[in-house]
Amino acid sequence: MKKVRIYELAKELNLKSARMLEILAKLGVPGKGVVGTIEEETANLVKEIVEKEKASSSEVKKETPKATKATPKVVHEKEKEKPTPAPVEPVITVEKPKAFVESVTYTAFAKQFDLKQHELNTMMLKNGIPVRECGLLDPGDADYLARILGENYAPPSDKFMKSFETRPPVVTVMGHVDHGKTTLLDFIRKSSVASREKGGITQKIGAYEVQIKGKTIIFIDTPGHEAFTSMRLKGSQVTDVVILVVAAEEGVKEQTLEALDHAKAAKVPIIVAMNKIDKPEANPERVKQQLADRGLQPDDWGGDTVFLPVSAKTGKGVDELLDMILLQAEMAGLKTRSSVEASGSVIEARVDKNIGVLTRLLVQTGTLHVGDDIRVGDCVGKIKRMTNEAGANLREAKALMPVEVMGLSELPEAGEVFHTLEDVDSCRMIIDEKRQKERLAFLAQEQRKPLTLDDLFNEEEALEKRKLTLILKADALSTLDAVKFELKKVKTKTVPLEILHEGTGGITKSDVLLASASNAVIVGFNVVPLAEALKVAATEKVQIHTYDLIFELGDSIDKMIAGLIKPVFEEIVQGRARIKDVFKITGVGAIAGCLVEDGKIIRGAKARVVRNAVVVYANSSISSLKRFKEDAKEVLKGYECGMGVQNFNDFKVDDIIETLVMEEKKP
Ligand SMILES: Nc1nc2c(ncn2[C@@H]2O[C@H](COP(=O)(O)OP(=O)(O)OP(=O)(O)O)[C@@H](O)[C@H]2O)c(=O)[nH]1
């Protein structure tokens, strides 16, 4: 059946995107973005509804007061019980909207609507609601946010709505290495009227404005999905649209899929730019197929995602790409307010030897002035100087301007939220108190506990509300398939399983960041975490479970979900040694000359061999251990040793030998 693009239909019917989506939701087609398509039949239904609405509104205007009889009768909840005669006129049941009667704290609001703090920050800042010093939402702002969440709360007044203005979209470009992100950003920047007028960009400030056909787009110049998710994790995610660049001649690669999963996890709409279309071997249809296989359906195939062929080199298709970004922004009805308190997000920060800390901010609500006191995380400062992307001094910056400010004494992190301060002294006191509390909490070992497998299986409430979100990593695609097959067999009536991301290779920092931002558990199969990933996992308290045997994985998740067993023991890496040299000894086999990089190696310990974060030999043990020529019982970090691994001779320089112990888990 013929498909109709939603935005084209909205344009044809002169409908606002929100209204269009409302009608679709009522027709039982919820969750569609405006760039998606619908069946022709549904489109005809929408047309009928809109025509009827138009007709009835013009009739109402014409009608005399007597004629109001024909207006649908509104029955409030309380009256519903009363027996009513058969209706002769349409009856609509309307539940009275709820309303906040007084201000509500961010924490209480987040709890009420089951949001995490970073989700609330993102939502507020993207919708023109300032993050404020007092940590309170005005009743009107709270009603407004609740309505955005789809709840039946009081509609905003005309006066409230008049304080909003249209804001530009914020775009992040992501994709596999060398697929053309930088070239695309450079092309767009060069073709921008704003840049030409300013005589070129003199500095990169992490985000920049581009003027296209009299409209503005903000591009975030810190591509990379790690940076993207890290922002989200720290406090707020500013991106409205992700451009996923895929080189059309090479097709989808590992980092394309990573970027895709990071964007999906953040629930940010994606436009696919199929780049390098000027190359004769470019095959855009294959890109569509590859991404469709991962759940990103092209709109011309009936899906929700726009795929555009472009060449960042020749500029072909770039105009269409920019048009599509603007169209999406228009349909999403992006808004902010410059009349409220200034707040926004840190894009990045650096230290200049002579000037001190330079912080790149995106003002998302209100107007920021030189001289304003601001708080970013636990850092307070006065804005001494503010510049735009061309290095020009500014006195003030309205939402949504990217600026660089001078005046903070500590280096904030990307994604941290900033807001202006009325009372610097009491804010400093609050921060001191908070730090003191944190210190005490740390001493009492009562730090925030992340969601662990145990939490999931032990807490009844968690069982009811949560799903088990997994990131799967394996040594090969075939293993990954086997793991997924095993997981499918797991009956998950109480805790549904969701695979947020899957891939081959070792567990990386990017996997850990994604897991942390999405409360996911990482499951590695025949792979181990890279050292950097382990560090982040420790600070972010992300659970990583590695398995060697497929049945172990299925079995443990299965039983844990069923609540039959609780894991009592877990495998802990006790020592890690890097192979520096390999010696072949006749009659003995291969001996690995190693440096112990972490922990200690004990003779007889359970061991595995890891190459580029992939387990190449598992379930073995340390068969011999020597310091110089002497047998040793154990060798500590920083010392060299020679060792043998039971039934394994194929050592390579730079392999890692890990020894493992089973440790009892504390309840
Ligand atoms: N023929 C052709 N070459 C392109 C196109 N876009 C980028 N390239 C080339 O592809 C190579 C990689 O482009 P980059 O823009 O550096 O890719 P990137 O994705 O930013 O790479 P990283 O920053 O390393 O992740 C460069 O040699 C570009 O000149 C294109 O549309 N057509």
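Ligands are counted one by one from 1 in listed order, and the atoms in each one are counted from 1 as well.
Atoms of ligand 1 lying under 4.0 Å from any heavy atom of Asp178, numbered from 1 in the order shown and given with element: 10 (O), 12 (C), 17 (O), 18 (P), 19 (O), 21 (O), 22 (P), 24 (O), 25 (O). Under a 4.0 Å criterion applied to the non-hydrogen atoms of Thr183, ligand 1 contributes the atoms 6 (N), 7 (C), 13 (O), 14 (P), 15 (O), 28 (C).
One finds a salt bridge joining Glu404 and Arg350 here, because a Lys/Arg side-chain nitrogen approaches an Asp/Glu carboxylate oxygen to under 4.0 Å. Using a 4.0 Å cut-off between charged nitrogen and carboxylate oxygen, Asp654 and Lys652 do not count as a salt-bridge pair. Arg608 and Glu658 are joined by a salt bridge, as a carboxylate oxygen and a charged side-chain nitrogen come within less than 4.0 angstrom of each other.
With a 4.0 Å heavy-atom cut-off, ligand 1 is reached by the side chain of Asp278 but not by its N, CA, C or O. By the criterion of a heavy-atom distance under 4.0 Å, the side chain of Lys279, and not its backbone, is placed next to ligand 1. At a heavy-atom distance under 4.0 Å, only backbone atoms of His179 (N, CA, C or O) approach ligand 1.
Of the polar atoms of Ala312, at least one N or O is found under 3.5 Å from an N or O of ligand 1, judged by distance alone. Note: an N/O pair closer than 3.5 Å links Gly180 and ligand 1 by distance alone.
Of the listed residues (Met174, Met274, His176, Lys313), the one carrying the non-hydrogen atom nearest atom 3 (N) of ligand 1 is Lys313.
The closest protein non-hydrogen atom to atom 24 (O) of ligand 1 is Val177 CG2, 3.4 Å. Closest protein heavy atom to atom 18 (P) of ligand 1: Lys181 N, 3.5 Å. Scanning all protein heavy atoms for the shortest distance to atom 9 (C) of ligand 1 gives Lys276 NZ, 3.9 Å. Among protein heavy atoms, the minimum distance from atom 20 (O) of ligand 1 is reached at Thr182 OG1, 2.5 Å.
Distance screen at 4.0 Å: atom 12 (C) of ligand 1 has a protein heavy-atom neighbour inside the cut-off. For atom 6 (N) of ligand 1, a protein heavy-atom neighbour is present inside the 4.0 Å cut-off.
With hydrogens and angles left out, the side-chain atoms of Ser343 and Thr365 include a donor and acceptor closer than 3.5 Å. No side-chain donor-acceptor contact under 3.5 Å links Ser518 and Thr469. Thr508 and Asp511 share a donor-acceptor pair across their side chains, judged by distance under 3.5 Å alone.
Closest approach of Val318 and Val310 over heavy atoms only: N-CG1, 4.2 Å. Contact record, Phe219 with Ile217: CE1-CG2, 3.6 Å, taken as the closest heavy-atom pair.
Test Thr336, Thr216, Asp240 against Arg167 for side chain to side chain donor-acceptor pair (under 3.5 Å) and you get one pass: Asp240.
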